[in-house]
Amino acid sequence: MRDSPKVELHLHLEGAVPPSFVRGLARQKSIDISGIFDEGGNYRYRDFAEFLKVYEAATAPLTSPEDYHSLTRAVLAESAAHGVIYSETFLSPDFCGARDLGAWREYLHAIREAAEAAEAQDGIILRGIVTCIRHFGPDAAREVALCAAETAGDWVVGFGIAGDETAGKPRDFAWSFDMAREAGLRLTAHAGEWAGPQGIRDTLRDLRVERIGHGVRAIEDLALVDELAEAGIVLEVCPGSNVALGVYPGWRAHPIGQLYDRGVKVTVSTDDPPFFHTTMTHEYDRLSEAFDWDDGVFATLNRTAAEAAFCAPETRAQILKRLETA
Ligand code: HPA
Ligand code: ZN
């Protein structure tokens with residue numbers, strides 16, 4: 001499965017930082033983050049709340065646009081090695097310049113330069129989705145939305161929300177999503193990972209997104225599953241993330257198979273690969289074992305992902321062509 005071409009829609013840039021990369025930067029800058037690693041040198045956390053804390057701590061050594069340039073190169077080299085031909089990554093002005101627009105522009109410039117170099121070298125295409133963080137609150141989200149609106153275009157193509165899904169309500173963030181929509185950005189939101197079906201309903205109603213990050217707990221309400229299928233809402237499913245964080249006890253218990261069988265537009269992504277000891281190849285291999293999925297199913301998932309990508313039509317045509325000729 002490693003070499004088959006893949007489209008990934010849900011990847012957090014900071015969440016893709018290898019532990020060795022963070023340790024190297026931390027050593028250079030004399031920042032002590034030893035507490036976030038286990039004896040094996042991997043990220044250490046017991047549950048989602050701790051995951052979010054470790055995630056934030058791991059961003060501490062990422063203090064300059066140059067750091068994000070190297071990070072982006074490292075992440076895209078790894079993605080390309082697993083067959084990813086197109087990727088959308090969540091970018092957080094909260095971590096890139098503390099929501100200051102001028103600083104954000106500099107970080108974005110560095111990330112885009114790295115993406116261009118990766119595309120020239122490996123053919124992998126990257127686009128950005130600016131993301132606010134739910135537990136940082138609605139005021140911070142407004143500043144993030146302003147950064148997103150000011151830099152919206154052919155590269156920053158979307159706006160989203162991540163973080164602790166139990167903090168606040170989707171409607172608290174409606175102003176930010178309205179602002180992003182008016183700037184021409186396409187919308188996605190994390191929902192239905194930690195909160196149940198009602199969280200997905202509230203998100204669709206109040207934020208009017210076309211994709212949902214995770215969304216897997218829709219399975220607890222089959223009427224909602226039918227509505228998602230009917231409306232063509234795309235789920236950015238990250239099964240390895242859900243299993244690692246304990247949303248489901250194992251791959252066979254994961255609802256992606258049922259959602260797919262019921263006609264929901266599902267796609268597959270890694271979320272935060274080193275945190276969850278996963279890669280796109282690993283996701284595909286485990287899914288193929290758990291649900292007996294063959295190449296035809298994976299081709300469908302990738303076509304769905306390409307069609308749901310937030311990029312320009314010419315870029316989509318290019319991706320679809322590469323999927324078809326594979
Ligand atoms: N859920 C919510 N917030 C996140 C995640 C996630 O899976 N990954 C990084 N931030
Ligand atoms: Zn996520």
Side-chain angles (χ1 to χ4, degrees), residues 7-19 22 36 42-60 62 71 75 79 84 87-96 127-137 140-141 144 158-170 172-173 176 187-196 199-200 202-203 207 209 211-218 234-248 254-256 266-280 283 305 308 310:
V7 175
E8 179 164 40
L9 300 180
H10 189 121
L11 177 74
H12 300 261
L13 189 55
E14 296 88 5
V17 60
V22 182
I36 68 171
N42 291 307
Y43 294 117
R44 176 215 307 266
Y45 58 88
R46 275 165 304 195
D47 53 23
F48 183 60
E50 222 171 60
F51 160 78
L52 289 176
K53 283 194 194 126
V54 170
Y55 184 103
E56 269 167 55
T59 66
L62 294 165
L71 169 61
V75 169
S79 293
V84 177
S87 179
E88 282 178 12
T89 188
F90 293 118
L91 302 172
S92 305
D94 292 279
F95 302 131
C96 299
R127 293 292 181 267
I129 301 176
V130 172
T131 299
C132 61
I133 297 179
R134 192 150 158 174
H135 55 273
F136 291 174
V144 172
F159 183 73
I161 184 166
D164 184 356
E165 204 185 325
T166 60
K169 293 267 177 255
D172 303 337
F173 301 90
S176 296
L187 306 176
T188 176
H190 282 61
E193 178 191 18
W194 297 103
I200 299 174
D202 294 348
T203 298
L207 304 183
V209 296
R211 299 191 335 216
I212 295 275
H214 300 287
V216 287
R217 290 192 55 196
V234 173
L235 302 188
E236 303 152 8
V237 183
C238 309
S241 160
N242 297 150
V243 171
L245 287 170
V247 181
Y248 298 103
H254 195 281
I256 189 171
V266 297
T267 62
V268 173
S269 296
T270 56
D271 210 5
D272 308 287
F275 283 87
F276 306 138
H277 305 285
T278 193
T279 61
M280 282 294 266
E283 298 287 320
F310 290 161

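Throughout, residue positions are numbered sequentially from 1 according to the sequence presented. Whatever order the structure lists them in is the order used to number ligands and atoms, beginning at 1.
Excluding waters, the set of protein N/O/S atoms under 2.8 Å from the Zn ion (ligand 2) reads His10 NE2, His12 NE2, His190 NE2, Asp271 OD1.
Across Met280 and Thr270, no two heavy atoms sit closer than the pair N-CG2, 3.5 Å. Contact between Arg217 and Trp194 at its shortest, heavy atoms only, is NH1-O, 2.9 Å. Scanning all heavy atoms of the two residues, the minimum distance from His214 to Leu235 falls at O-CB, 3.7 Å. Counting all heavy atoms, side chain and backbone alike, Glu283 lies closest to Cys238 at OE1-C, 4.3 Å. What you find for Ala189 and Thr203 is that their closest heavy atoms are CB-CG2, 3.6 Å.
At a heavy-atom cutoff of 4.0 Å, ligand 1 is surrounded by His12, Phe48, Phe51, Tyr55, Ala162, Gly163, His190, Glu193, His214, Asp271, Asp272.
Ring geometry, Tyr43 versus Phe275: the interplanar angle falls under 30°, so the pair is classed parallel (tilted spans 30 to 60°).
Remark: of the listed residues Thr188, Val209, Thr131, Val130, Val130 is the sole one forming a side chain to side chain contact (heavy atoms under 4.5 Å, CB included) with Phe159.
Separation of the Phe276 and Phe51 ring centroids falls under the 6.0 Å cut-off. Note: His190 and Phe90 meet the aromatic proximity criterion, with ring centroids under 6.0 Å apart.
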